[in-house]
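What follows is a set of notes on a single structure, which appears directly below.
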Amino acid sequence: MASYQRAIKPVIPGALIAVLIALAAQFISEHYGAPAMLMALLFGIALNFLSKDEKTKDGIAFTSSMVLRAGVALLGARVSVDMATSLGLTTLAIVVGSLIATIIFGMTIARFLGHGPRFAFLSAGAVAICGASAAIAISAILPRDERTQERLIFTVAGVTVLSTIAMIAYPIIADMLDFDDRLAGVFLGSTIHDVAQVVGAGFSVSNSTGETATVVKLVRVSMLAPIIFCAVLVIRRLNVGEEDSAHRPPLVPWFVAGFVLLAGLNSIGLFPELISDFLAEASGWALLTAIAAVGVRTSLESVFQVGGRAIALIVLETLFLGVLIVALLHFLAPVQ
């Protein structure tokens with residue numbers, strides 16, 4: 001018990017700071033409509049000095065790593081096999097195919113903008129899969145260097161801002177394209193980065209559009225585990241950035257295994273709706289708290305050093321995904 005207390009006590013002050021930041025960000029989000037993730041990032045960056053304080057640095061580090069991974073694992077409670085099959089094979093092919101194509105596009109075009117494979121995969125994965133949540137998960141398995149934190153912060157901020165813009169603009173575009181409720185739902189769920197913005201955009205059109213958009217988005221979330229598994233295989237094979245193979249990421253990171261386990265349990269109906277909703281809510285709070293801690297560990301100066309080419313890359317990836325989905329829906333319009 002004494003050793004347990006010695007391990008936990010140093011973590012509490014920093015963890016509580018991250019929780020308070022998350023609560024403040026959520027309050028601003030609920031009362032003023034600002035994206036909670038973005039607010040948590042900005043509030044955290046403003047308190048960067050706490051990452052060097054002896055009383056809080058251990059808790060901040062713990063929250064930005066272990067709590068982050070736990071939040072990703074809990075995301076699995078949101079998805080199920082039935083959710084994917086309910087869309088139909090054509091819609092499913094559009095969603096998965098566009099996701100893979102966006103990652104390939106991002107990895108390819110990043111070279112022409114002077115970015116390495118780490119930022120390319122981080123940004124493309126965030127755009128293609130599920131915004132900030134995907135960025136957090138992907139960053140956790142990439143080989144670390146001195147720019148890991150700033151790349152993550154920039155990507156989370158970038159996809160959150162673009163997702164908020166899309167939440168406003170994409171329903172207008174769907175109307176201009178004469179999409180019916182189902183097609184509009186597929187379009188919004190396939191192109192907007194973050195789950196919250198997908199829900200907001202979808203239900204602003206109609207209840208039917210909102211329900212379809214949410215299911216499509218959660219299918220994209222379910223792709224997080226296989227994409228990360230494939231990335232780990234590539235990293236282990238290439239030994240990217242690591243001289244000692246003992247430091248390579250495990251073949252199946254524990255948070256990916258947790259994600260798959262919860263998704264599997266949810267698929268067989270083991271979780272009552274109340275439990276599933278609770279785990280999904282816990283995931284949201286864990287990720288919000290973790291991103292607040294990541295913000296505290298990041299200086300504003302380092303974020304600005306990422307540069308305009310990084311902005312261009314995320315914008316191009318977002319535009320590519322949007323245009324691709326519109327083209328696929330035009331030629332392969334899914335039917336009920």
Side-chain angles (χ1 to χ4, degrees), residues 11 14-15 18 22 37 40-41 44 51 58-78 103 106-107 116-160 193-195 220-242 246-263 282-298:
V11 170
M37 280 285 188
L41 274 178
S51 66
D58 289 343
I60 294 295
F62 173 83
T63 307
S64 66
S65 57
M66 296 303 293
V67 173
L68 180 152
R69 289 164 170 78
V72 173
L74 290 172
L75 272 176
R78 292 188 177 191
I103 293 176
M107 296 290 290
R118 299 185 202 191
F119 184 68
F121 181 53
L122 179 65
S123 62
V127 168
I129 305 171
C130 53
S133 302
I136 290 168
I138 291 169
S139 179
I141 58 99
L142 289 176
R144 303 186 68 80
D145 61 18
E146 69 281 356
R147 303 194 69 184
T148 294
Q149 290 292 125
E150 65 191 63
R151 282 194 294 262
L152 174 59
I153 285 287
F154 186 87
T155 302
V156 170
V159 295
T160 302
H193 307 324
D194 287 310
V195 175
R220 288 171 69 194
V221 172
S222 70
M223 290 297 293
L224 185 61
I227 292 295
I228 286 182
F229 177 72
C230 291
V232 169
L233 287 177
V234 172
I235 291 169
R236 287 171 63 89
R237 184 173 181 82
L238 298 179
N239 206 20
V240 178
E242 301 286 353
H247 292 95
R248 291 183 300 177
L251 186 58
V252 182
W254 68 265
F255 62 91
V256 174
F259 180 102
V260 173
L261 176 63
L262 289 176
S283 170
W285 278 106
L287 292 173
L288 188 62
T289 303
I291 209 63
V294 170
V296 173
R297 297 184 71 185
T298 306

Shortest non-hydrogen separation from T160 to M37 and the atoms involved: OG1-CB, 4.1 Å
SG-CD1 distance between C130 and I138, expressed to the nearest 0.5 angstrom: 8.0 Å
Pairwise distance CG(L68) to CG(L288) - rounded to 0.5 angstrom: 11.5 Å
Side chains of F255 and I228 in contact at under 4.5 Å (non-hydrogen atoms): yes
Over all atoms of both residues, closest heavy-atom pair of A140 and R69: O-NH2, 3.4 Å
Verdict with supporting geometry, F259 and V221, side chain to side chain contact (heavy atoms under 4.5 Å, CB included): CA-CA 10 Å; F259 180 102; V221 172; 4.2 Å; yes
Value rounded to 0.5 Å, distance of CG in L224 from CD1 in I129: 5.5 Å
Closest non-hydrogen atom pair between P226 and S222, with its separation: CD-O, 3.4 Å
Test item: T155 side-chain N/O and R151 main-chain N/O as donor-acceptor pair under 3.5 Å: yes
Point-to-point distance, once rounded to the nearest 0.5 Å, from CG of L262 to CG of L75: 9.5 Å
A134 versus G125, closest heavy-atom pair with distance: CB-O, 3.7 Å
Contacts of S123 that satisfy side chain to side chain contact (heavy atoms under 4.5 Å, CB included) - sequence neighbours left out: F119, L313, I314, E317
Minimum heavy-atom distance between I291 and A40, given as atom pair plus value: CG2-CB, 3.7 Å
Residues in side chain to side chain contact (heavy atoms under 4.5 Å, CB included) contact with A128, at least two apart in sequence or another chain: L99, T102, I103
Any V156 side-chain heavy atom under 4.5 Å of V294 side chain: no
Validation row: P143, R118 side chains within 4.5 angstrom (heavy atoms): yes
A231: partners by side chain to side chain contact (heavy atoms under 4.5 Å, CB included), with sequence neighbours left out: F121, I141
Any residue meeting side chain to side chain contact (heavy atoms under 4.5 Å, CB included) with A293, in chain and number order, not counting sequence neighbours: A18, I60, T63, S64
Pairwise distance OG(S133) to CZ(R220) - rounded to 0.5 angstrom: 11.5 Å
Minimum heavy-atom distance S283-G71, with the two atoms named: OG-O, 2.8 Å
